[in-house]
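Here's the structure we're looking at; comments come further down.
Letters A, B, ... mirror the listed sequences (proteins, then strands); counts begin at 1.
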Amino acid sequence: MEEREVVVIGAGPAGLSAALEAARAGAHVLLVDENSKPGGQLFKQIHKFFGSHEHRAGVRGIDIGTQLLEEAERLDIEVWLDAEACGIFNTTDVWIVRNKEKSVTVRAKRIILATGAVENSVNFPGWSLPGVMGAGAAQTMINLHRVLPGQKILMVGSGNVGIIVSYQLLQAGADVKAVVEAAPRLGGYGVHTAKVRRAGVPFYTSHTVLEARGTDHVESATIVQLDDKWKPIPGTEKELDVDTICIAAGLTPLVELAFAAGCEPLYSPLLGGMVPWHDRSMATSIPTIYLAGDISGVEEASTAMEEGRMAGLSAAYSLGYVDRETYAVGFDAAEKRMLALRSGMFGQKRRDAKAAIVGHSRG
Amino acid sequence: MIMMETKDTYEKGLKITGAPSLDELHASPCYQLPPKERRALAAVIECIEGIPCNPCETSCPVGAITVGDEITNLPVVDFEKCTGCGICVAACPGLAIYLKKYEFKENLSYIAFPFEYLPLPPEGATVQMVDRYGEYVCDGTVLRVVKIKRMDRTTVVHVSYPNDYYERVVNMKRLPAS
């Protein structure tokens, strides 16, 4: 059996940051990712990030991804790509299938789960027609593969993902016909909705998609207004000439590995559903297993990076790589930067939800 | 002169229409339209929600924009200090800043706004100026198209347009693919 000190599962912003922090402290880190390229969703984030200087605000996600990979190379972090972590046994043994052909078990002293999240779907007649896809999928197509999924887009959901992807679809040359939002108010940052609106895109609050029509692909969509009980109001249907329907209805943490390993679950509706319980240091109920990023509650790439630093540093400290004082200084700085991102009218709710997880007494 | 926004939807505000209404902007300490008698360009910020973000403050070379220690404070521009250099326009991740000046020459106002679409307009071109809802307002003339490394692929387009629409115009219509 192979042995490593720290195995990080998932090479997105959280996993990369965790691996970097643990390696900087001196631990031997193995970073595994099921994809053939590292970076997770970072390389399709072509917009400039929010935050302050220490969060790399104003830098585009794609460039932050490149910086993190360069740093990983400098620190000589071992990276396995096309490596699928399929299970965790005895709290330390990670079963990995490499290149879809070779089964390997790696015994780790510490495991950091940074598996991310998956897009939620919305079901409606016609939802299985080609042309209906997750907003994240459309973003992958335009920004990674440089393929426009369609010319005429309906975006379902007005959170930051829906709005940012709408903007990027406009940049890619598509026509966004409408953004519908089931809630009575738009979800995303006003500065994002404002730039999409001034590009001429109409927003429909208290509306949802009722049906997609077409023979072998989407040819039109019907939207409908919702009453205050979120029920469709007959007679308010509107037909839109679209060939693509993007669903941006939130994300669900990818928790399978954690729960299969026996990590204690907790329900946090605001953060995406079932998440593994974790403490302030990002340790789960199994002391050898840590979390970072969306698996611990869906937030953003910038919060994922801070959480990665916190988890990586905590894992390294628990292995004796840093002394108590160095750990306290580094951890507190990361946590302070994190709290700044969890402030204001958008961040406070996430801060409270996180505090509820950490404060939840176990057993 | 403030153009009245006539459509019903326009009065419902940022969380309904996606764009801040003039009422919301006027009620926010962040939004200040440069006074008509001001001689230089000045930064105008439309960021009224208190998001955790401050590159406008840290990018300003003369300290004219203040967010302060609490990163969710609204940014405020000090017109006494602002030189209208435009660095903040490309630094703002929300693309929520532009420069304006009333009557930079006879009957024409000046705006410099962030623009991240292709194709870019050539200097001298006539373009269609839009309001916060993407509605066509008036024609404008492109004066400069500034694309420098420091602005990291956010182009800033400088346009002159009629004084009558000084406050209402915020950007231009995208150009058809060439």
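- Contact between B/Tyr117 and A/Ala199 at its shortest, heavy atoms only, is OH-CB, 3.7 Å.
- A salt bridge between B/Arg153 and A/Asp63 is present, with a side-chain N of the basic residue lying under 4.0 Å from a carboxylate O of the acidic one.
- Both the backbone and the side chain of B/Asp152 come within contact range of chain A, judged by heavy atoms closer than 4.5 Å.
- Within the 4.5 angstrom heavy-atom criterion, only side-chain atoms of A/Phe346, from C-beta onward, approach chain B.
- A/Tyr167 is listed as a side-chain neighbour of B/Leu95, based on a closest heavy-atom distance under 4.5 Å.
- Aromatic ring centres of A/Phe203 and B/Tyr133: separated by at least 6.0 Å.
- Heavy-atom pairs under 4.5 Å with chain A were tallied for B/Val67, B/Asn171, B/Thr58, B/Val170; the largest tally goes to B/Asn171.
- When heavy atoms are compared at a cutoff of 4.5 Å, A/Leu170 approaches chain B by way of both its backbone and its side chain.
- At a 4.5 Å heavy-atom cutoff, the contact between A/Pro184 and chain B is made by backbone atoms alone.
- Heavy atoms from other residues, nucleotides or ligands lying under 6.0 Å from CG of A/Asp227 number more than 12.
- With rounding to the nearest 0.5 Å, the separation of CG in A/Leu186 from CD1 in B/Ile16 is 6.5 Å.
- Here A/Ser343 contributes atom OG and B/Glu70 contributes atom CD; the two are 6.0 Å apart, rounded to the nearest 0.5 Å.
- When heavy atoms are compared at a cutoff of 4.5 Å, B/Ile71 approaches chain A solely by way of its side chain, counted from C-beta outward.
- For B/Lys15 (side chain) and A/Gly188 (main-chain N/O), a donor-acceptor pair under 3.5 Å exists by modelled atom type.
- Residues of residues 42-55 of chain B having a heavy atom under 4.5 Å from any heavy atom of chain A, listed by number: B/Glu46, B/Cys47, B/Glu49, B/Gly50, B/Ile51, B/Pro52, B/Cys53, B/Asn54, B/Pro55.
- Rounded to the nearest 0.5 Å, atoms CZ (B/Phe113) and NZ (A/Lys195) are 15.5 Å apart.
- Between the side chain of A/Arg197 and the backbone N or O of B/Thr17, at least one donor-acceptor pair lies under 3.5 Å.
- Of the listed residues (A/Gly347, A/Ser206, A/Gly190, A/Ala172), the greatest number of heavy-atom pairs within a distance under 4.5 Å of chain B belongs to A/Gly190.
- A donor-acceptor contact closer than 3.5 angstrom links the side chains of A/Lys48 and B/Thr154.
- With chain A as partner, the option from B/Gly94, B/Ser59, B/Pro114, B/Ala177 having the largest number of non-hydrogen pairs under 4.5 angstrom is B/Gly94.
- Ranked by heavy-atom pairs under 4.5 Å with chain B, the first of A/Met345, A/Arg60, A/Arg342, A/Gln171 is A/Arg60.
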